[in-house]
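To keep things clear, I will list the structure first and then write my remarks on it.
The figures here come from the full heavy-atom set of this structure, side chains too, leaving out hydrogens, waters and symmetry mates. The sequence lines fix the lettering, A, B, ..., with proteins before strands; numbering per chain opens at 1.
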There are 4 protein chains.
Amino acid sequence: MGAVKTKRMPRAVREQQMLDAAVRTFGQRGYMAASMDEIAELAGVSKPLVYLYLNSKEDLFTACIRREATALVAAIRAGVRTDLPADRQLWAGLRAFFAHTAQHPDAWSVLHLQARTHGEVFAAEVTAMRDEIVTFVTQLIAAAAREAHRNPDLPEREVAGLAEALVGAAESLAAWANATEGVTARQAATTLMNFAWSGLGDLMAGRPWSPPEEEPLTRPGG
Amino acid sequence: MGAVKTKRMPRAVREQQMLDAAVRTFGQRGYMAASMDEIAELAGVSKPLVYLYLNSKEDLFTACIRREATALVAAIRAGVRTDLPADRQLWAGLRAFFAHTAQHPDAWSVLHLQARTHGEVFAAEVTAMRDEIVTFVTQLIAAAAREAHRNPDLPEREVAGLAEALVGAAESLAAWANATEGVTARQAATTLMNFAWSGLGDLMAGRPWSPPEEEPLTRPGG
Amino acid sequence: MGAVKTKRMPRAVREQQMLDAAVRTFGQRGYMAASMDEIAELAGVSKPLVYLYLNSKEDLFTACIRREATALVAAIRAGVRTDLPADRQLWAGLRAFFAHTAQHPDAWSVLHLQARTHGEVFAAEVTAMRDEIVTFVTQLIAAAAREAHRNPDLPEREVAGLAEALVGAAESLAAWANATEGVTARQAATTLMNFAWSGLGDLMAGRPWSPPEEEPLTRPGG
Amino acid sequence: MGAVKTKRMPRAVREQQMLDAAVRTFGQRGYMAASMDEIAELAGVSKPLVYLYLNSKEDLFTACIRREATALVAAIRAGVRTDLPADRQLWAGLRAFFAHTAQHPDAWSVLHLQARTHGEVFAAEVTAMRDEIVTFVTQLIAAAAREAHRNPDLPEREVAGLAEALVGAAESLAAWANATEGVTARQAATTLMNFAWSGLGDLMAGRPWSPPEEEPLTRPGG
DNA sequence: GATGAATGAGTATTCATTCAT
DNA sequence: GATGAATGAATACTCATTCAT
């Protein structure tokens with residue numbers, strides 16, 4: 001099992017192989033239960049090589065977190081068109097988020113579970129990324145308030161709390177969507193938009209938030 | 001440090017001391033980093049006694065999860081009066097939830113972080129409790145829909161997703177409230193009710209959800 | 001090989017067995033080449049027990065140095081009668097020193113070679129003991145000067161240098177005596193007294209230092 | 001740090017650079033703690049090149065010992081004029097010895113400490129050199145005895161013991177002189193001549209050995 | 001009931017050494 | 001001639017777990 005044993009690769013390539021193996025192992029076994037032996041074997045290299053390139057288990061884990069955090073943020077960024085109204089932007093970001101986490105479950109486990117559970121240092125690493133996202137959402141909310149010409153100065157902390165709640169709900173739904181057979185990224189995003197934008201009150205009253213006409217992620221037009 | 005070394009206590013008492021020590025240690029160090037040595041010392045007993053009563057590290061951890069899950073559910077239950085309207089019930093439940101997690105951070109760390117991060121077996125244990133809560137919330141949502149005489153048959157999966165989102169948002173806010181200086185359980189609950197019940201759309205339009213008149217948790221009347 | 005595997009000994013006894021094994025291993029293999037595995041096996045216990053009692057390789061080594069340094073100083077002290085003239089005291093001390101190092105070659109290797117070669121911390125440990133001996137010798141030299149009613153104030157540094165030279169010569173002779181077939185502690189001590197007390201000049205002129213009549217270490221009389 | 005990376009040097013030069021780096025590293029870190037990586041880096045070459053030229057860590061260490069032993073003996077030889085009386089020869093040899101060890105502390109550490117502490121093979125290498133010196137001293141003592149027309153046949157073993165003691169004292173004083181602020185090679189040599197030639201007895205009686213008039217090491221005349 | 005004594009099975013990490021280019 | 005890539009074999013240290021008393 002593991003990568004085919006191809007000898008003599010340039011360092012950059014080998015490092016990515018190692019990170020792949022590490023993300024998979026950390027994601028499935030957990031940070032502490034993952035052994036460097038297993039990671040090395042899965043990467044198809046000897047343990048000393050892992051240490052030569054990545055220094056230590058901690059450094060290796062940090063490298064995993066950084067790579068995956070960057071990738072997740074990039075995926076979300078790539079999905080959002082900043083010239084659209086706030087709810088559309090949110091909708092696009094959520095779809096990208098749910099799609100990415102569904103496609104990289106081990107990476108998501110590393111970011112969402114493992115990194116938060118094994119020490120401040122690692123947690124800080126994810127927090128940095130998460131803050132980026134929360135800030136993005138916070139700005140969207142503020143923009144929406146401006147667009148609505150109403151309630152323009154919700155207290156800052158209130159907005160922060162709302163963004164936090166939204167991001168938290170998204171994180172939770174990601175796990176739920178991955179675990180529930182047949183829930184697509186699109187459906188998860190729709191559910192969350194309903195919940196977050198319209199609120200349960202409006203929902204009960206039959207006023208759901210409605211997703212825009214088909215608007216493929218890849219095509220630019222509207 | 002640790003429990004005072006008092007000899008010859010009834011088994012039930014000793015067990016609770018061990019669980020106290022274990023929850024604290026697991027919550028702070030994490031499941032794997034917590035050593036049985038440390039737990040035994042903190043509990044003020046010898047290691048073999050821990051094994052005699054709790055069998056193994058896994059069993060000990062499971063016992064912690066069960067005890068704290070039960071306690072959390074009980075706390076929420078105690079805060080909710082089932083004869084009130086759905087949003088009032090939700091509001092009360094959230095207040096109880098935020099209050100309890102703020103008062104027992106180690107227990108919350110065990111339930112929310114540690115148990116989910118170290119193997120299916122433990123995760124299943126919390127999932128059981130979480131499902132109980134999600135079910136409760138699901139029923140509240142269904143009840144609200146009925147009360148509104150509208151939209152009475154939201155698809156079941158949709159409701160499940162909404163409940164999941166709500167619970168996830170609550171969990172996230174709990175961490176945020178604990179980490180943010182000066183955010184009380186009441187404020188966290190208010191923020192979440194705004195978010196969940198009114199939705200961002202209504203909020204932006206200046207239609208927040210408003211908490212009921214002071215309604216202390218301890219007094220029955222309204 | 002190694003100690004007979006006797007189970008369940010009190011801690012103090014086991015510790016001494018471990019130190020015995022460690023001194024032997026460190027003395028023969030050297031500090032770094034000695035493996036904790038080998039020491040544990042030679043001591044007839046498992047490695048974790050060694051760590052439980054002695055904490056780490058460094059602590060174990062330090063414990064060896066301390067025990068053997070104390071033993072060596074005690075042996076020398078036990079051989080010296082402080083009411084005799086200076087040269088007699090020196091003679092007795094040297095005999096005791098050569099006898100002890102000959103009987104405990106591994107301990108001597110630990111003190112003289114290993115401890116000095118593997119880090120300041122260990123070196124300081126022996127230096128403390130060596131200083132005790134150098135001080136003793138320095139006092140003897142000063143006493144001798146006083147007895148001779150001459151040259152009573154040799155510069156302090158000069159006396160220190162002489163003591164250093166004497167102790168160094170003794171250390172060297174100890175290795176030589178141990179390595180040379182048929183050289184007894186008595187002979188080594190005589191050679192050194194000749195060298196140190198009479199000096200080569202007097203020796204050449206036919207004026208050796210002469211050891212006292214048989215004066216067994218145990219009997220008090222002269 | 002380390003040698004400047006100059007490409008394409010003749011093998012002989014590269015080897016000396018490697019030996020320089022090795023002596024320094026072995027002298028400071030100790031044989032076992034010194035890593036081939038560090039030595040190669042300090043020498044400014046790649047590790048495989050070190051192996052190509054010097055074969056193995058053991059061979060490298062042996063090469064260091066040989067080079068430094070040869071250099072030390074040569075330095076002593078260069079300082080001695082064989083047509084002078086025995087005590088003058090000894091005095092000159094000691095000055096050269098103390099001067100050389102003071103100027104090459106890492107080399108001295110390799111010869112005096114490291115080589116003796118890490119296995120018979122290396123120890124034998126120094127012993128060979130040391131025997132040369134001991135033999136030289138032995139001959140000096142025998143010559144002195146002849147010059148004095150007295151005591152012409154001290155037992156051979158006795159002379160060997162005396163030479164051993166003298167060399168041992170010198171070795172010890174070298175370490176002491178290097179460690180003690182402000183002790184010059186000349187002072188160390190004087191102290192040792194006093195001790196070895198006059199003996200403590202004569203010293204106490206006010207009859208020290210007196211160094212000859214200024215007799216610089218470089219100028220031939222007397 | 002309670003514990004001091006003891007260990008099997010790992011884990012991260014390092015190092016001397018060698019190919020393939 | 002010179003090196004980047006790679007590893008087999010060890011080593012210090014830890015931990016959950018169990019007897020014998």
Side-chain angles (χ1 to χ4, degrees), chain A residues 5-15 32-40 44-60, chain B residues 5 7-11 14 32-40 44-60, chain C residues 5-15 32-40 44-60, chain D residues 5 7-11 14 32-40 44-60:
Chain A
K5 227 172 193 175
T6 321
K7 296 253 171 176
R8 301 271 152 183
M9 329 257 304
R11 171 166 179 157
V13 176
R14 272 279 193 259
E15 270 187 18
M32 301 231 67
S35 86
M36 294 298 273
D37 267 303
E38 187 178 0
I39 292 171
V45 298
S46 71
K47 226 184 334 171
L49 200 59
V50 179
Y51 278 89
L52 188 63
Y53 287 174
L54 276 313
N55 286 322
S56 71
K57 195 182 187 184
E58 290 201 357
D59 283 6
L60 173 58
Chain B
K5 224 169 192 176
K7 297 259 169 177
R8 302 277 155 183
M9 330 251 310
R11 168 160 183 159
R14 271 275 150 85
M32 301 233 66
S35 83
M36 296 297 275
D37 269 297
E38 189 179 358
I39 293 171
V45 300
S46 73
K47 228 184 333 173
L49 197 58
V50 178
Y51 278 88
L52 188 64
Y53 285 179
L54 277 313
N55 279 323
S56 72
K57 196 184 186 183
E58 292 202 356
D59 283 6
L60 172 58
Chain C
K5 226 168 192 177
T6 320
K7 298 254 171 178
R8 301 274 151 182
M9 330 257 302
R11 171 167 181 156
V13 177
R14 273 278 193 259
E15 269 188 17
M32 301 231 67
S35 86
M36 295 297 275
D37 269 302
E38 187 179 359
I39 293 171
V45 299
S46 70
K47 221 181 343 169
L49 200 59
V50 178
Y51 278 90
L52 188 63
Y53 287 174
L54 278 313
N55 287 321
S56 71
K57 196 182 185 183
E58 290 202 357
D59 283 6
L60 173 56
Chain D
K5 225 171 191 174
K7 298 254 169 179
R8 302 277 158 184
M9 328 252 310
R11 169 160 181 163
R14 272 272 150 88
M32 301 234 66
S35 84
M36 295 298 274
D37 268 298
E38 190 179 358
I39 292 171
V45 299
S46 74
K47 230 187 328 175
L49 197 58
V50 177
Y51 278 89
L52 188 64
Y53 285 179
L54 276 315
N55 281 320
S56 73
K57 196 183 187 184
E58 292 203 354
D59 284 6
L60 173 58

**Item:** 5′-ward residue of the pair B/S46/A/S35 relative to DNA chain E
**Value:** B/S46
**Request:** Find the distance between CG (C/L52) and CD (C/E15) and round it off to the nearest 0.5 Å.
**Result:** 9.5 Å
**Request:** Return no unless some side-chain N or O of C/R11 is found under 4.0 Å from OP1 or OP2 of E/dG4.
**Result:** no
**Asked** Does D/N55 or C/A12 map to a spot on DNA chain E nearer the 5' end, using the closest nucleotide for each?
**Response** C/A12
**Message:** In this structure, how many angstroms lie between the P atom of E/dT13 and the CD atom of A/E58, rounded?
**Reply:** 8 Å
**Between C1' of E/dA12 and CG of A/L54, the distance in whole Å** = 14 Å
**Item:** Nearest-angstrom distance from the residue atom OH of C/Y51 to C1' of E/dG8
**Value:** 16 Å
**Prompt:** Under 4.0 Å: is that the gap between some side-chain N or O of A/R14 and OP1 or OP2 of F/dG4?
**Reply:** no
**Message:** I'd like to know if C/K57 reaches the base of F/dT11 with its side chain such that a donor and an acceptor end up less than 3.5 angstrom apart.
**Reply:** no
**Asked** Over how many whole Å does the gap from A/E38 atom CD to E/dT11 atom C1' extend?
**Response** 13 Å
**Request:** Name the closest nucleotide to the B/L49 side chain, picking from E/dT17, E/dA2, F/dA12.
**Result:** E/dA2
**Message:** Taking the nucleotide of DNA chain F with the nearest heavy atom to each, does A/P10 or B/A33 sit closer to the 5' end?
**Reply:** A/P10
**Asked** What distance separates A/L49 CG from A/R11 CZ, expressed to the nearest 0.5 Å?
**Response** 8.5 Å
**Message:** For a quick test of reading the model, state the closest non-hydrogen atom pair linking A/L60 to A/I39 and the distance between them.
**Reply:** CD2-CD1, 4.0 Å
**Prompt:** Out of F/dA6, E/dA12, E/dG4, which has the shortest distance to the side chain of A/R8?
**Reply:** F/dA6
**Prompt:** Considering only side-chain heavy atoms of A/L52, which listed nucleotide, F/dA6, E/dA16, E/dT3, is closest?
**Reply:** F/dA6
**Complete:** Of E/dA12, E/dT18, F/dT7, the nucleotide closest to the side chain of D/P48 is E/dT18
**Asked** Looking for any heavy atom pair under 4.0 Å, which part of the strands does C/A34 touch: base, sugar-phosphate only, or nothing?
**Response** sugar-phosphate
**Message:** Rounded to whole Å, please give me the gap between CD1 in B/I39 and P in F/dT17.
**Reply:** 11 Å
**Message:** Measure CE/A/M36 against P/F/dT7 and give the value in whole Å, please.
**Reply:** 14 Å
**Request:** Kindly give the heavy-atom pair with the smallest separation between A/S56 and A/M36, and that separation in Å.
**Result:** C-CE, 4.3 Å
**Request:** In whole angstrom, give the distance that lies between atom CG of D/D59 and atom P of E/dA16.
**Result:** 14 Å
**Request:** Check for a donor-acceptor pair, side chain of C/K57 on one end and backbone N or O of C/A34 on the other, with a separation under 3.5 Å.
**Result:** yes
**Message:** Contact between C/N55 and C/Y51 at the side-chain level, heavy atoms closer than 4.5 Å - yes or no?
**Reply:** no
**Item:** Counter-base of E/dT21, judged by Watson-Crick or G-U geometry with both distances under 3.5 Å
**Value:** F/dA2
**Complete:** A/Y53 has its side chain closest, among F/dA5, E/dT13, F/dC19, to F/dA5
**Message:** In whole Å, I'd like the distance from the CE atom of D/M32 to the C1' atom of F/dA12.
**Reply:** 14 Å
**Prompt:** Does any N or O donor sit under 3.5 Å from an N or O acceptor when you compare the side chain of A/K47 with the base of E/dT13?
**Reply:** yes
